[in-house]
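Both counts, for ligands and for their atoms, begin at 1 and track the order of listing. Side chains are part of it too, since the values below use all heavy atoms of this structure and drop only hydrogens, waters and symmetry mates. Given the structure is predicted, the values throughout are model-derived calculations rather than measurements. Note that the numbering runs from 1 along the sequence shown for the chain.
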Amino acid sequence: MIDIRLQRLPHGEGLPLPAYATEHAAGLDVVAAVDVTLAPGARHAVATGFAIAIPHGYEMQVRPRSGLALKHGITCLNTPGTIDSDYRGEVKVILANLGAEPFEVKRGERIAQLVPAAVQQARFHEVDALDDTARGAGGFGSTGR
Ligand SMILES: O=c1ccn([C@H]2C[C@H](O)[C@@H](COP(=O)(O)OP(=O)(O)OP(=O)(O)O)O2)c(=O)[nH]1
Ligand SMILES: [Mg+2]
């Protein structure tokens with residue numbers, strides 16, 4: 001369990017904080033702070049009404065909810081979205097409507113889930129050649145279907 005400071009923004013007043021729906025859920029469900037209608041094929045950065053300060057060494061992933069995806073074709077366009085630990089702006093959920101019908105997001109409705117994850121930063125060291133491996137440059141189906 002990690003502890004994360006959350007700042008509620010004025011338009012987030014009265015909304016529930018991100019919360020686990022069940023005891024051992026992986027994702028904290030997050031609700032929309034605004035009403036918005038997504039036409040088929042449309043996308044929108046939906047406000048959540050809060051900002052967070054994630055501890056260094058962690059990120060917050062923004063993932064779709066499977067029920068919205070299956071029933072309505074609603075997904076997070078950039079899934080998994082990345083909230084950096086140094087980001088202090090409002091958390092937004094980039095919803096996209098891949099369905100055939102307009103979809104109405106209502107304020108207070110759960111639209112996505114937040115999954116904290118440990119982050120390992122890396123640095124690159126440019127070299128002239130890489131070590132050989134059995135795979136070599138094979139990829140993208142090279143081992144068969
Ligand atoms: O679903 C998302 C994805 C990103 N963000 C915010 C937090 C994140 O730290 C910041 C930048 O996201 P990202 O690095 O994915 O986008 P970018 O296009 O690279 O923007 P930037 O140049 O600001 O890093 O935008 C969200 O609120 N929701
Ligand atoms: Mg970025």
Shortest protein heavy-atom distance from atom 7 (C) of ligand 1, along with the residue and atom involved: Y87 CD2, 3.3 Å

According to side-chain hydrogen bond (donor to acceptor under 3.5 Å, both in side chains), who are the partners of R8, at least two apart in sequence or on a separate chain? none

Quick one: nearest non-hydrogen protein atom to atom 5 (N) of ligand 1, plus distance? I83 CD1, 3.7 Å

Would a distance-only check, ignoring hydrogens and angles, find a side-chain to backbone donor-acceptor pair under 3.5 Å from E104 to T37? no

Going from OG1 on T48 to CG on L114, what distance comes out if it is rounded to the nearest 0.5 angstrom? 8.0 Å

May I ask you to identify, for N78, whether its side chain, its backbone, both or neither come under 4.0 Å of ligand 1 on a heavy-atom basis? side chain

Could any protein non-hydrogen atom be found less than 4.0 Å from atom 20 (O) of ligand 1? no

May I ask you to decide if D132's main-chain N or O and R135's side chain share a donor-acceptor pair within less than 3.5 Å? no

Within the 4.0 Å heavy-atom shell around V91, which atoms of ligand 1 are there? 27 (O)

Do C76 and V93 have side chains that get closer than 4.5 Å, going by heavy atoms? yes

Specify whether the nearest protein heavy atom to atom 1 (O) of ligand 1 is under 4.0 angstrom away. yes

Hey, is atom 27 (O) of ligand 1 touched by any protein heavy atom at less than 4.0 Å? yes

Can you sort out the partners of E59 under side-chain hydrogen bond (donor to acceptor under 3.5 Å, both in side chains), two or more places apart, ordered by chain and number? Q61

Contact atoms of ligand 1, heavy-atom distance to T82 under 4.0 Å: 3 (C), 4 (C), 5 (N), 7 (C), 8 (C), 9 (O), 12 (O)

Using modelled atom types only, decide if a donor and an acceptor are shared between the side chain of R65 and the backbone of R110 within a distance under 3.5 Å. yes

Atom 14 (O) of ligand 1 has as its nearest protein heavy atom D84 OD2, 3.8 Å

